[in-house]
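These notes concern the structure reproduced below.
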Amino acid sequence: MNIFYNFSEFVNDELAALKLEGVLPKNLDTSNVSVDPPRDTAHGDIACNAAMVLAKPSGSKPRQLAELLAERLKKHPAVEEVVVAGPGFLNFRLNIEFWHAHLRTVILAGDSYGNSRIGKGEQVNVEYISANPTGPLHVGHARGAVFGDVLASLLEKAGYLVTREYYINDAGAQVDELARSLYWRYCELSGKVVGEMPGGLYPGDYLISVAKQLMDRDGDCWNNLPESEWLSVFRGYAVDSMMKKIRDDLSNIGINQSTFISERALVESGMVQRVVDILDDKNLVYNGVLEPPKGKKTADWEERPQTLFKYSQFGDDVDRPLKKADGTWTYFASDLAYHLDKNKRGFTNLINIWGADHGGYVKRVSAGIEALTDGKANLDVKLCQLVRLLEDGETAKMSKRAGNFVTLSELVNSVGKDVVRFIMLTRKNDAQLDFDLVKVLEQSRDNPIFYVQYAHARSYSVIRMANEIFPESDFSIESLKSINLELLKNKDEIALIKIIALWPRIIESAAESHEPHRLAFYLCELAAAFHSLWSKAKSDASLRFVIDDDLSLTQTRIALVLGMRTVVASGLEVMGITPLEELRA
RNA sequence: GCGCCCGUAGCUCAGCUGGAUAGAGCGUCGGCCUUCUAAGCCGAAUGUCGCAGGUUCAAAUCCUGCCGGGCGCACCA
């Protein structure tokens, strides 16, 4: 359904024919030939660079070759004209029948319009959020959460088989601190401790209710026992409780990952040891002493021999430790095990969503994966920049009861899941994002989620209107599938079809580049074209969608409205947002 | 000191993996409501794409070097 792909095939067929005829060299490389929408719509509907790319290797001049190609390409039944422009562009203008036919395919396809097969059913593992289970999710997690989830849906629409995964960091020192924090709350309940929680522990009051539940279950039997007795019990209980809370919060924003992998389980299964053995076999592990880190004051630095990974063989100047001073594995070591585990589960396409503060870690993990899989697995790490919470332009001061951060659930309760999901994609992942709690709820042009939803709702209002004017008639999707579209002649109407026709290409390019924000930008563009068309009828009543005394014209135009709505709904669906049929309360 | 990301209109940002005269929103200025919801639309002005080289038919886009901003840099995750 990607029309540019169809024309690309056509161009390539013609080039192949010219080779057979001896007009072009038999071994001419045509892989650089592209068929794209031109930047400026005045240049036509489709632009092809073939003449410019092929002129030199085929020993001809660009414009000359372009003229030759133009003659051949004119014969396509959908092509109105082909003109040679600029340095040798081939600009195609497609005939109106083509656009009518395309609109019909949109209406016939419905939700499936834009589905692509570029993924060829390949498996992709998208790992996102993976927040430490030491507390509730906060705003900082929201962006990566939405980004990963929409990217996953996008890849599914593009024909990939996607697994949505969460890695639970339940093995390090942090979860031990969590266990001690819970134990402190537990002792607090029994009156054994009072006052401020000691430093280093997690002070948020979210552990109080967890302690109560544990007290209800076990009574006070853990009091006065040494840490070695209770630590693993409290740790397990705390992690389970936090993960349940995290999953509930995610569910409230429409995220339901299918796979949760425990770091502790990986370590206990011996996977980490096996990974280090594999690296050792490849002669990439040794025992050595690192230089002190530069650029940062490290008062507690001490020289000590460590088990190191020869990261320097993969382009950096420093090797990285696999074991901590206390003999346990570093995060890096278990992370390598985790990624090898992904690979062993059959994934070669790996995507990780991380916060930008982990940027320095990307190359290390990529290098590890390369070493472990002999370059057979590919990892793409997408870094999400910070979100700045604002309240009408000022730094937000929402409640911070759960610690010193705004939680995800507070954010979702405040503005709603759909708003959070859309706004998080209104910037490219590596650009900082301002999230204004007031402005995202405004009903104005400035607010993209509103603007897009308004286009969707407006399509319903048009059809309601049509039903009032023509009570005897049927404006259902079924009846419009076979409607005659020839009455769509207006330039702006055809322009809207052309924007609708970009959708499959947007899906494919966004999926291939792992950039879901393109959906949000495209939907704004589509909405703008629709609102513009609507508003033109203000000054020219003949452009209205509903024409009082012309049923067939009304039906035709409503088919166009339906095509627009189909794509908006489809886009919002990929973004995990419920399209609204009415905006009025 | 090293690595990664960013630098595009007054502001906030896109720019379709190398295409044509670099776009959008906000803001500014000028139009448009007896409304298929003006919750909006139309038009105008605004640029050394950080700087300097290089690659080629073609560079905001790729390469190199600077300048400026952010993040990270044993053992935490």
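Reckoned from all heavy atoms, side chains included, excluding hydrogens, waters and symmetry mates.
Listed by chain and number, the residues in a side chain to side chain contact (heavy atoms under 4.5 Å, CB included) with A:Ile118 are A:Ser116, A:Ala158, A:Glu508, A:Glu512 (sequence neighbours excluded). Applying the salt bridge (charged side-chain N to carboxylate O under 4.0 Å, His left out) criterion to A:Asp45, with sequence neighbours excluded, gives A:Lys498. In terms of the side chain to side chain contact (heavy atoms under 4.5 Å, CB included) criterion, residue partners of A:Arg427 (sequence neighbours excluded) are, by chain and number, A:Arg143, A:Leu433. A:His43 pairs by the ring pair (Phe, Tyr, Trp, His ring centres under 6.0 Å) definition with nothing, not counting sequence neighbours. Looking at residues two or more places apart in sequence or on another chain, you find no ring pair (Phe, Tyr, Trp, His ring centres under 6.0 Å) involving A:Tyr202. Listed by chain and number, the residues in a side chain to side chain donor-acceptor pair (under 3.5 Å) with A:Asn91 amount to none (sequence neighbours excluded).
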Pairs under 3.5 Å (N/O, protein and nucleotides 19-21 of chain B):
residue	atom	partner	partner atom	Å
B:rG19	O6	A:Asn49	ND2	3.3
B:rA20	OP1	A:Arg39	NH1	3.2
B:rA20	OP2	A:Arg39	NE	3.1
B:rA20	OP2	A:Arg39	NH1	2.9
B:rA20	N6	A:Asn91	OD1	2.7
B:rA20	N1	A:Asn91	OD1	3.2
B:rA20	N1	A:Asn91	ND2	2.8

Please tabulate the protein-to-nucleotide N/O contacts below 3.5 Å involving nucleotides 3-9 of chain B, giving atom names and distances.
residue	atom	partner	partner atom	Å
B:rC6	OP1	A:Asp430	OD2	3.4

Please write out each protein N/O paired with an N/O of nucleotides 32-36 of chain B under 3.5 Å, distance rounded to 0.1 Å.
residue	atom	partner	partner atom	Å
B:rC36	OP1	A:Arg544	NH2	2.8
B:rC36	OP2	A:Arg544	NH1	3.4
B:rC36	OP2	A:Arg544	NH2	2.6
B:rC36	N4	A:Trp534	O	3.0

* **Base-pairing string, 5' to 3', of RNA chain B - Watson-Crick or wobble, under 3.5 Å, | interstrand** => (((((((..((((.....[...)))).(((((.......))))).....(((((..]....))))))))))))....

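Sorted by first then second residue, the salt bridge (Lys or Arg N to Asp or Glu O under 4.0 Å) pairs that include residues 528-548 of chain A, not counting sequence neighbours, are A:Asp492-A:Lys536.
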Contacts table for residues 518-529 of chain A: side-chain donor-acceptor under 3.5 angstrom, sequence neighbours left out:
residue	atom	partner	partner atom	Å
A:Arg518	NE	A:Glu515	OE1	3.0
A:Arg518	NH1	A:Ser509	OG	3.3
A:Arg518	NH2	A:Ser513	OG	3.3
A:Arg518	NH2	A:Glu515	OE1	2.9
A:Tyr522	OH	A:Ile499	O	2.6

